[in-house]
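Sequential numbering from 1 along the given sequence is applied to the chain's residues. In this text, all values refer to a predicted model and were calculated from it rather than measured experimentally.
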Amino acid sequence: MRKYRQVKWKNLPKSLGLTFLFGSGAVLAYEILCLNRRFSSLLSDSALEKERQKGDCYITISQPTVEAEINGVISKFTDVEQLMETLMKGPASLGLDTNPWHLLRILKSELPSHAKEHPKALKTLATTNYNAGLSQQIAQACDFKLSVKLARTKNVNLNLFLRPPAYLLLPSEAIEDALNNILKKIPVTHQQTCATYFFRIAQQITSKHKDDEYYLRWDPDTAGIIHPRNIIQIVELYLQALLQLSTTLECSHLMVQNGLLLILWRIANMFDKEVVLTTLCANIVANISLFPQFHHQIFQSGWLGLLAEFLGSQYASLNLAAGKALVNMDQNHRKYGTMKWDMDVVFVHGLLGGVGWTWRQSDLLGKNADYTDCWPRDWLPADIPNLRILGIDYVTSLSHWKSRCPDDARRSTITWRADQVLLSLKLAGVGRRPVVWIGHSMGGILLKQLLVNASKSSDCELQNLVKNTKALLMLSVPHDGSSVATLNLPARFLLLPSVEVEELRKGSSVLGNLNLEFKNLLSHYPIAVVSVVETKPTMVQPWGIEVKFVEPNSADLLSSGEVHFIPVDHYEICKPLNRKSFIYQRLIKLIVGVREGSPPKSLVQTN
């Protein structure tokens, strides 16, 4: 009889437990492997790359504290009297005069004792050459208000401003396509004819020139990227359309909402050699900065660093646009009633002029180290403190052939321009303190018209603008028109003179009526008038002919105040050679006379 082996049932639970344990582990490992494969298929490499770049947006450098540095310095002193004597000398004796954290504590403090130190602390923090890592750490510690003040400080360390996060700058589409998509999302009304015009032309060129030459090329000689001219032309047209629209709150909101600020940042860096494009970008940001609700978006998009860089640019059009944007964002400067300014000095350029061109220093004697491309900005504040210097900028043309917008005819009339300028002056608070005006050529006509329009207005602020106007400096202003603007019938047919030229022609009814109204205004308000008249003809290039733009009898038509005849031409009369020039010294005397309450009122003529 076969004997069967007796089974030890007591070991069975242990065997089953080990089998379950190893089996569960195998199943779990298999599930983990499957999940890993599924997640790998869901997450793209580009998304992971963005996250890796995102991690590099912020630095983690150990922050030295002021207390640690103070303790380190104090530990070197063994004599209590020596320590107290050193402490009484102030922060500089402890090496804290350039310590960024000590300076930040002062700048962020609202204590009266610290408020006195703010200007010095701001300049020291802005101009000290900290290393790149420490500078970026300081930038992270600066809030919006302090960053704006740093950006407005001369010779600021540009490393004190944060760039936009790298993952936000990854181009998801071409620049021209991004601008096109933003413009499509903005409803354009009939009042924005120019924006529609620029937008349509840009789209036509884009669709026509998308060929091999449309894309970027590498230049081995300069080791840089060459941007084909049609790309630059397309981007410029899109920016022109956005500039027209950015003056309204609704359009600015849509632009910011759809990421325009970052796109403008990309354009300013990509086309950094194209001054026209960078200036357009800065002007769009300046328009958006008029609305305080967008200030933090401008800050977060990295634009403060660019504006600080543009502020030191050699191109006046670029640094003036940057300065305008930064002033709009400086909250202390927005509170006009609390400023230390005691006078506004407003400059108005003439036909084909501009703030960045008309008010340059003369270069007849060459450009030395002290040459300035905007003498009102650089000379007046140094010679007369507490002045607010303003420049009115507007676009003009000689012919309708040069018009870039079908709405230019309506918007080029002297009356329309004056009304638009008055709105801007009102927003800037001009009229709340004494005002001195300087007008060159057509600019003098424009300032006469805006003063006449303001005197007729029922708006109290515009009425105060006229009441607080104390003096006018007229530089070769053709009160009765210019013979150069008077064309015979064949020439008018060929040249299609612009509205500006039509209104400046000799015997113009527009100028005749304006002269009568302005003389009436002078009889009701004590305004000092100083007229400076050119006596030399102007050489017109490239034809090489000499032209007398303004006749002496036309520039002296007001018969009010002083009249000076000086041997310069039409271009140079607004560009003094240096600070000793007659024009500049006469302006200084005029401003000082207004401040002292004794501006000249009698009629004086000098040759």
Side-chain angles (χ1 to χ4, degrees), residues 122-123 126-127 129 135 139 147-164 175 222 224-225 227 232 235-236 239-240 242-243 246 261-290 298-299 301-330 333 347 349 353-363 366-382 388-395 575:
L122 181 67
K123 184 177 180 180
T127 57
N129 189 24
S135 296
S147 294
V148 171
K149 293 183 182 300
L150 286 172
R152 296 192 66 201
T153 305
K154 190 175 182 180
N155 298 323
V156 62
N157 177 7
L158 297 178
N159 287 325
L160 295 177
F161 304 97
L162 292 174
R163 291 164 57 94
I175 288 291
T222 61
I225 293 175
H227 299 279
I232 296 172
V235 173
E236 180 183 351
L239 292 177
Q240 288 280 8
L242 290 166
L243 181 63
S246 61
L261 291 172
L262 282 172
I263 296 173
L264 294 178
W265 194 96
R266 286 175 55 197
I267 293 172
N269 282 273
M270 183 183 301
F271 300 95
D272 58 330
K273 303 299 182 184
E274 299 292 333
V275 180
V276 173
L277 297 188
T278 51
T279 302
L280 282 170
C281 290
N283 277 314
I284 294 172
V285 173
N287 283 347
I288 296 175
S289 69
L290 286 170
I298 297 174
F299 171 56
S301 63
W303 258 99
L304 289 187
L306 276 180
L307 293 174
E309 180 182 351
F310 293 163
L311 203 58
S313 170
Q314 61 176 324
Y315 301 103
S317 59
L318 188 55
N319 60 45
L320 289 170
K324 180 168 60 174
L326 290 171
V327 167
N328 289 341
M329 289 185 284
D330 193 335
H333 280 74
F347 290 79
H349 68 76
V355 171
W357 164 252
T358 300
W359 311 114
R360 292 172 178 265
Q361 180 182 356
S362 175
D363 58 1
K367 296 183 180 181
N368 54 29
D370 297 327
Y371 179 83
T372 172
D373 54 14
C374 188
W375 61 264
R377 177 196 62 197
D378 296 332
W379 292 355
L380 282 176
R388 182 167 67 149
I389 314 299
L390 300 171
I392 295 174
D393 214 3
Y394 59 99
V395 180
K575 299 176 178 62

Quiz prompt | side chain to side chain donor-acceptor pair (under 3.5 Å) partners for Asn157, two or more places apart | solution = Ser135
Self-check item: Non-hydrogen atoms of Trp303 and Cys281 that approach each other most closely
Solution: CH2-CB, 3.9 Å
Quiz prompt | side chain to side chain donor-acceptor pair (under 3.5 Å) against Asp373, all qualifying residues, sequence neighbours excluded | solution = Arg377
Exercise. Please identify each residue that fulfils ring-ring contact (aromatic ring centres under 6.0 Å, His included) with Phe310, with sequence neighbours left out.
Key: none
Quiz item: Looking at residues at least two apart in the chain, or sitting in another chain, which of them share a side-chain contact (heavy atoms from CB on, under 4.5 Å) with Thr358?
Solution: His349, His440, Cys574
Exercise. For the pair Leu380 and Phe347, evaluate side chain to side chain contact (heavy atoms under 4.5 Å, CB included) and give the outcome as yes or no after the intermediate values.
Key: CA-CA 12 Å; Leu380 282 176; Phe347 290 79; 3.7 Å; yes
Self-check item: More than 12 heavy atoms from other groups under 6.0 Å of OH on Tyr315
Solution: no
Quiz prompt | CA sep, side-chain torsions, deciding dist, call: Leu261, Ile298, side chain to side chain contact (heavy atoms under 4.5 Å, CB included) | solution = CA-CA 7 Å; Leu261 291 172; Ile298 297 174; 4.0 Å; yes
Exercise. Applying side chain to side chain donor-acceptor pair (under 3.5 Å), name anything that partners Ser147, two or more places apart in sequence or on another chain.
Key: none
Practice problem: List for me each residue that meets side-chain contact (heavy atoms from CB on, under 4.5 Å) alongside Asn269, sequence neighbours excluded, and say none if there are none. | Solution: Trp265, Leu306
Quiz item: Taking only residues two or more places apart in sequence, or in another chain, which ones meet Thr153 in a side-chain contact (heavy atoms from CB on, under 4.5 Å)?
Solution: Leu122, Ala126
Quiz prompt | Contacts of type side chain to side chain donor-acceptor pair (under 3.5 Å), residue Asp363, not counting sequence neighbours | solution = none
Self-check item: Beyond-backbone contact of Gln361 with Trp379, side-chain heavy atoms, under 4.5 angstrom
Solution: yes
Quiz item: Residues in side-chain contact (heavy atoms from CB on, under 4.5 Å) with Ile175, at least two apart?
Solution: Leu179, Val235, Ile263, Arg266, Ile267, Met270
